[in-house]
Amino acid sequence: MKTLRLLLISLLVMGLTNCKSQNKQDTENKKYPIEITENIKKIKDEGWGYRFYLKEPQVIKTYPIKKGILIAKKGTKMMFFLAEDHIINGDTIPADSKLRMFSVGKPFAYDLSKPTLIQGYPVGTEKIYGNGSNVEFFEEDGEIKWFMPATDIEIGSIPCLANNSIKFYPTGDLHICTLLKDFEYEEKTYLENTTVIFNENGIINPISEYDFGDSHIPWRFKFYDDGNPKEIMLIADQVINGFPCKKNFSIFLYPNGSLKECVISKNIEIEDVVYKKGDKLMFDEIGNIKTNK
């Protein structure tokens with residue numbers, strides 16, 4: 001009986017050893033975007049990429065990686081935390097920052113661990129949306145696309161407020177900022193805290209007359225090709241062109257800034273027709289109601 005028990009235990013140990021050996025061989029035979037070393041304690045298939053968990057910080061693709069790294073299966077993009085301060089494209093990125101990079105060495109986005117100068121701009125650490133990025137870059141050349149300034153800043157002649165998104169065109173021209181103070185443009189005064197939106201020709205869109213509150217631009221705004229706003233998600237009820245538009249719904253605009261569509265926040269009566277709270281109104285380019293849904 002004792003001999004049988006020892007035999008069974010031996011067979012079990014051999015089976016586990018063979019299983020581990022086979023798993024190791026499978027891992028070695030599988031093509032991964034990085035070299036598999038003893039420092040990698042776990043690999044998780046995320047569908048579009050592999051997540052590699054590290055035992056200790058390690059330099060991977062010239063970057064000092066802290067906890068692990070997520071790399072696209074084709075090796076085109078990667079995401080990781082820095083284990084120490086590291087210079088990227090001339091900027092010193094602080095340790096513990098979360099980076100999203102292209103394999104060619106260009107940044108896609110950073111979630112900085114502390115305020116840092118990036119391409120000469122004071123980038124803050126306030127998170128913008130779910131993935132936590134506070135500065136994003138154009139894919140083509142790695143120049144800043146938008147960021148959250150840590151301090152008040154003047155761009156060109158435009159005084160921009162700290163902790164509100166600043167957005168650029170690929171040319172480097174200013175697309176959006178929230179005004180630090182009253183600003184006069186073509187004999188019109190835009191008040192402080194107003195989010196001004198420039199088209200690609202440097203002209204302020206008329207929708208900038210309205211207060212859209214906290215300008216978390218990356219996810220609240222969509223634009224036409226010329227940079228004029230196409231859709232804005234409201235975070236507060238807002239009267240636009242005389243119509244009460246409801247928060248947490250998008251308004252849709254024509255390129256000239258006039259209202260195209262909105263969900264109304266209260267009952268209104270127009271020419272003996274009653275429109276109820278929650279109705280979606282649609283307009284022509286001169287402000288006349290076309291239909292409602």
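Owing to the predicted nature of the structure, the values given are computational and were not obtained by experimental measurement. These numbers come from the heavy atoms of this one structure, side chains and all, not from hydrogens, waters or symmetry mates. Numbering starts at 1 and runs along the sequence shown.
- Under the 6.0 Å distance and 45° angle rule, K145 does not count as a cation-pi partner of F168.
- Aromatic rings from F198 and Y169 are positioned such that their centres are separated by 6.0 Å or more.
- Contact of the T178 side chain with the C160 side chain is not registered, since no non-hydrogen atoms from C-beta on lie closer than 4.5 Å.
- For the pair I43 and I40, the tightest heavy-atom approach, listed with the atom from each and the gap, is CG1-CG2, 3.8 Å.
- Looking only at distances, a side-chain donor or acceptor of S97 sits under 3.5 Å from a matching main-chain atom of S113.
- Between K188 atom NZ and S208 atom OG the span is 10.0 Å, to the nearest 0.5 Å.
- Side-chain heavy atoms closer than 4.5 Å link hydrophobic residues (I, L, V, M, F, W, Y) into clusters, and following such links, even through other members, never connects Y224 to L174.
- Contact of the F137 side chain with the Q119 side chain is registered, since non-hydrogen atoms from C-beta on lie closer than 4.5 Å.
- With sequence neighbours excluded, no residue forms a side chain to side chain donor-acceptor pair (under 3.5 Å) with D272.
- Separating the CG atom in N288 from the CD1 atom in I270 is a distance of 10.0 Å, to the nearest 0.5 Å.
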Verdict with reasoning, N199 to D226, per side chain to side chain donor-acceptor pair (under 3.5 Å): CA-CA 6 Å; N199 68 18; D226 64 0; 5.4 Å; no
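- Geometric assessment of K44 against the ring of Y53 yields a negative cation-pi assignment under the 6.0 Å and 45° thresholds.
- Heavy-atom contacts from other residues, nucleotides or ligands closer than 6.0 Å to CD of E269 number more than 12.
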Residue pair N39, Q58: steps toward the side chain to side chain donor-acceptor pair (under 3.5 Å) verdict: CA-CA 8 Å; N39 193 43; Q58 179 182 338; 2.8 Å; yes
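- E46 CD to K73 NZ: the interatomic distance, rounded to the nearest 0.5 Å, is 9.5 Å.
- Taking 4.5 Å as the limit, every side-chain heavy atom of N164 sits out of range of all side-chain heavy atoms of T195.
- Ring planes of F223 and H175: tilted class, angle from 30 to 60°.
- Between T116 and T92, every side-chain heavy-atom pair lies at or beyond the 4.5 Å cut-off.
- Taken to the nearest 0.5 Å, the NZ atom of K260 stands 13.0 Å off from the OG atom of S250.
- For an aromatic pair to be called close, the ring centres must be under 6.0 Å apart, and F243 with Y275 fails this.
- Minimum heavy-atom separation, I207 to G257: CD1-O, 3.9 Å.
- By the rule that hydrophobic residues join a cluster once side-chain heavy atoms approach within less than 4.5 Å of another member, I268 and I251 end up as members of one cluster.
- Looking only at side-chain heavy atoms (C-beta outward), R100 and K77 stay at 4.5 Å or farther from each other.
- Between H86 and Y63, the ring planes lie perpendicular to each other; the angle is over 60°, past the 30° to 60° tilted range.
- Remark: F81 pairs with no residue by the ring pair (Phe, Tyr, Trp, His ring centres under 6.0 Å) rule, at least two apart or across chains.
- Cluster annotation: L234 and I264 are assigned to the same hydrophobic cluster (Ile/Leu/Val/Met/Phe/Trp/Tyr, side-chain heavy-atom contacts under 4.5 Å, transitive).
- Grouping the Ile, Leu, Val, Met, Phe, Trp and Tyr side chains by contacts below 4.5 angstrom, directly or via other members, places L180 apart from Y190.
- Under a 3.5 Å cut-off, the side chain of D237 and the backbone N or O of S265 do not form any donor-acceptor pair.
- Between the side chain of S165 and the backbone N or O of F147, no donor-acceptor pair lies under 3.5 Å.
- When all heavy atoms of C245 and L259 are compared, the pair lying nearest together is SG-CD2, 4.1 Å.
- Using modelled atom types, no side-chain atom of T189 and backbone atom of F183 make a donor-acceptor pair closer than 3.5 Å.
- One distance of note links CD1 of I88 with CG of L82; it measures 5.5 Å at 0.5 Å rounding.
- Rounding to the nearest 0.5 angstrom, the gap separating the CG atom in L54 from the NZ atom in K42 is 13.0 Å.
- Nearest heavy atoms, Y185 versus I203: OH-CA, 3.1 Å.
- Counting heavy atoms from C-beta on, the side chains of I93 and D91 come closer than 4.5 Å.
- Shown here for E139 and K106, the closest heavy-atom pair between the two residues is O-CD, 3.9 Å.
- Remark: of the listed residues D45, L70, I71, I69, D45 is the sole one forming a side chain to side chain contact (heavy atoms under 4.5 Å, CB included) with Y50.
- Judged by distance alone, the side chain of D152 and the main-chain N or O of A162 form a donor-acceptor pair under 3.5 Å.
- Here the closest non-hydrogen pair linking N205 and P255 is ND2-O, 3.4 Å.
- Separation of the F283 and Y254 ring centroids does not fall under the 6.0 Å cut-off.
- At most 12 non-hydrogen atoms from other residues, nucleotides or ligands lie less than 6.0 angstrom from NZ of K114.
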